[in-house]
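Let me give you the structure first, and then I'll get to my questions.
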Amino acid sequence: MALVEVQVPDIGDFDEVTVIELMVKVGDTVKAEQSLITVESDKASMEIPSSTAGVVKDMRVALGDKVKQGSIVLVVEAAGAGASAALAAPAASSAAATAAAPVAAAPAAAPVVAAAASGPVQVFVPDIGDFKDVAVIEVMVKPGDTIKVEQSLITVESDKASMEIPSSAAGVLKELKVKVGDTVNIGDLLAVLEGVATVAAPVPALAAAVAAHVAVVSAPAAAQTPVAAAAAAVAAPAHAPGGHNVGLPHASPSVRKFARELGVPLDEVKGSGPKGRITADDVQAFTKAVMSGAAQTKAQAAKAPASSGSDGAALGLIPWPKVDFAKFGPIERKEMGRIKKISGANLLRNAIMIPAVTNHDDADITELEAFRVSTNKENEKSGVKVTMLAFLIKACVAALKKYPEFNSSLDGDALVYKNYWHIGFAADTPNGLMVPVIRDCDKKGVLQISQEMGELAKKARDGKLGPAEMTGATFTISSLGGIGGKYFTPIINAPEVAILGVCKSTMEPVWDGKQFVPRLMLPLSLTWDHRVIDGAAAARFNAFLGQILSDFRRVLL
Ligand code: CAO
């Protein structure tokens, strides 16, 4: 068994290319023609195949290394001594030159540009060496575009290399004769240009270069296959990061082929390789995720109903269930109103983005309710009715002042403490949920708050609230007290960090230390952003609120 140094073959005009992927490791058994590494210039990416079969004994290149023709890639313990002698030798330049000559000459005879410098000009696929039936994977121009000589028109790809096909003429693109998914061969009509300003020499540089390099590389290995030839066709420009073709995902030709075979949209795969390069493992992981339902392709997400949103796919959620409800009984479909759609989107974001926790508690409002009723009696003539919510607003301001983080907002890694107390209240309207804001509640009495709340609630129901009346809240209260229920978990109104939910008060037997006594208990549900507030602080906030509500004189303290 002989040790064979596998070298980088003739890679044409490229002096130095970067190793961007190692496809084998020490101990691997490789076949002849198996890709060993992927290298990349600013215009092309290609896989370097092994010139011999055997076991990899030593890797001589690492990721990021620069290599050129003759650089040793790795050392293989060759399977057969015969192979080693033939394959260890680098590309012989004399042989290459000899072989290159006739091939490079070929395109000269081929009519790459089949028209004069005026009128329509047909652009054909130039000599692309041994490439047969290469797939068009990208179309880079569209009819109406002004095309320069040598401007890339399409990208084609074999299983080992990808390259851009440039225009041999300048002019306005009249017709493009190929589309993504077509396969092309030398001499196929690619495009028709009009108003031609310049026509390139009959043999475009690329055609000559490709042909030459295919010929050169085919020289050293006696049994050179089209695959190996293609791999070495590095003169062919291909998409590369940082190049003008940045729209294409960054992956080697074999990974592209692999993705195509599986039907994986490569532009949706996140690359884990160097510079975000997509590896075969990435494609496999993506496929697994989609098959298990843990992820969706964009195409799948687009087919899902709007209510699920494509964000679900972005979050790796399974698709929204699609049910034909009409199968089970009569149905009627109605579009949601504008306000419901807007508030729905906000609620969804807040529910997903805020690590929210809800604490439930009860406040004894027996005395406060008696006071509220007597106040309303006294103020009957004023037309202003005081509800529990107005007292709650006042009580919350006192609690917010004692626990200022509840009146703050997150700004990156900082907390913004607000020295004003504008309280929002959820209002149920025929059009959906709205949150009017009462400003400077710390400076207003319960009567004034009640009056403003009545006016704002009416405006909300009439759909007459202005934007200024719905912005600037520092804390929100959502009261279902007039309707019913015991507790609920309100969603924080970002960028606020807490919200108080209130339900219907009920008479309950409460143990006073000696006996059960009937007390009017108000259920409170405080939802808070755990990034800003700790559970202990939330419990203290609720307890303090309960103390104030049970003895409202504390508001004055
Ligand atoms: N416990 C017991 N009774 C209560 C109460 C409570 N916590 N809160 C209010 N009530 C009583 C009121 O005293 C009033 O009784 P009377 O008619 O006998 O006087 C009745 O319930 C109706 O009150 P109200 O709802 O008109 O007034 P309010 O100040 O409590 O609420 C407003 C005003 C605008 C907040 C309310 O009308 C509303 O829209 N609530 C719904 C809010 C909402 O939808 N929240 C959910 C958001 S999350 O989807």
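Predicted model, so just to flag it, every value in this text is computed and none were measured. Every number for a ligand or one of its atoms is a count from 1 in the order of the listing.
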Do any non-hydrogen protein atoms sit less than 4.0 Å from atom 18 (O) of ligand 1?
->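 There is no protein heavy atom less than 4.0 Å from atom 18 (O) of ligand 1.
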
Give the residue, atom name and distance (to 0.1 Å) of the protein heavy atom nearest atom 45 (N) of ligand 1.
->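 Nearest protein contact, heavy atoms only, for atom 45 (N) of ligand 1 is Ser478 OG, 3.0 Å.
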
Just wondering, are more than 12 heavy atoms of other shown residues or ligands nearer than 6.0 Å to CD1 in Ile318?
->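 Check fails, neighbour count at 12 or below.
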
Applying a 4.0 Å heavy-atom criterion (strictly less than), which segment of Leu389 is in contact with ligand 1: side chain, backbone, both, or neither?
->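 The answer is the side chain.
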
Atom 13 (O) of ligand 1 [closest protein heavy-atom partner, distance rounded to 0.1 Å] |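 For this ligand atom, the closest protein heavy atom is Arg372 NH2, 3.5 Å.
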
Name the closest protein heavy atom to atom 29 (O) of ligand 1, giving the residue it belongs to and the distance to 0.1 Å.
->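 For this ligand atom, the closest protein heavy atom is Thr387 OG1, 2.5 Å.
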
Nearest protein heavy atom with distance in Å, relative to atom 1 (N) of ligand 1 =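 Closest protein heavy atom to atom 1 (N) of ligand 1: Ser505 N, 2.9 Å.
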
Nearest protein heavy-atom contact for atom 25 (O) of ligand 1: which residue, which atom, what distance?
->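 For atom 25 (O) of ligand 1, the nearest protein heavy atom comes out as Gly482 CA, 4.1 Å.
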
Can you list the steps and then say if Lys444 with Ile393 is a side-chain contact (heavy atoms from CB on, under 4.5 Å)?
-> CA-CA 10 Å; Lys444 293 172 182 168; Ile393 288 175; over 6 Å; no

Using a 4.5 Å cut-off on heavy atoms from C-beta on, say whether the side chain of Ser525 contacts that of Cys503.
->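 Counting from C-beta outward, Cys503 and Ser525 never come under 4.5 Å.
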
For the pair Phe544 and Tyr403, name the ring-plane relationship: parallel under 30°, tilted 30 to 60°, perpendicular over 60°.
->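 Geometry flag for Tyr403 against Phe544: perpendicular rings.
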
Nearest-neighbour protein heavy atom for atom 40 (N) of ligand 1, which is reported as residue plus atom name and distance |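 Looking only at protein heavy atoms, the one closest to atom 40 (N) of ligand 1 is Ser479 O, 3.2 Å.
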
What about the rings of Phe371 and Phe552, do their centers lie closer together than 6.0 Å?
->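 Here the rings of Phe552 and Phe371 have centres that are no less than 6.0 Å from each other.
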
Close-contact set for ligand 1 against Leu522 heavy atoms, below 4.0 Å =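 Ligand 1 atoms under the 4.0 Å threshold to Leu522: 7 (N).
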
Are the charged groups of Lys486 and Glu508 less than 4.0 angstrom apart, N to O?
->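 Yes, Lys486 and Glu508 are salt-bridged.
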
Report yes if Cys503 has an N/O atom closer than 3.5 Å to an N/O atom of ligand 1; otherwise report no.
->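 The answer is yes, given that Cys503 and ligand 1 share an N or O pair closer than 3.5 Å.
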
Considering distance alone, does some N or O of Lys504 sit under 3.5 Å from an N or O of ligand 1?
->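 There is no such contact.
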
Tell me which protein heavy atom sits closest to atom 49 (O) of ligand 1, plus the residue, atom name and distance to 0.1 Å.
->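 Answer, as residue, atom name and distance: Leu433 CD2, 4.2 Å.
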
Glu469/Arg439 salt bridge by N-O under 4.0 Å criterion |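 No salt bridge links Arg439 with Glu469.
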
Evaluate the side-chain proximity of Arg256 to Phe258: yes if any heavy-atom separation is below 4.5 Å, no if none is.
->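 When only atoms from C-beta onward are counted, Arg256 and Phe258 do not touch, as no gap falls below 4.5 Å.
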
Contact between Ala427 and ligand 1, counting heavy atoms under 4.0 Å?
->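 Right, Ala427 reaches ligand 1.
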
At a 4.0 Å threshold, what atoms of ligand 1 neighbour a non-hydrogen atom of Ala426?
->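 Those of ligand 1 that fall under 4.0 Å from Ala426 are 35 (C), 42 (C), 45 (N), 47 (C).
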
Criterion side-chain contact (heavy atoms from CB on, under 4.5 Å) on Thr527 and Val357, from CA distance to verdict = CA-CA 5 Å; Thr527 300; Val357 184; over 6 Å; no

Closest protein heavy atom to atom 37 (O) of ligand 1, given as residue, atom name and distance to 0.1 Å |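 That would be Arg461 NH2, 2.7 Å.
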
Would Ile533 and Phe541 satisfy side-chain contact (heavy atoms from CB on, under 4.5 Å), going step by step from the backbone distance to the final call?
-> CA-CA 10 Å; Ile533 294 158; Phe541 184 97; over 6 Å; no

Which of the ligand 1 atoms, numbered from 1, are nearer than 4.0 Å to a heavy atom of Lys385 |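 Result: 16 (P), 17 (O), 19 (O).
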
Which is closest to atom 39 (O) of ligand 1 by heavy-atom distance: Ile499, Ile393, Leu480, Asp428?
->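 Of the listed residues, Asp428 has the closest heavy atom.
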
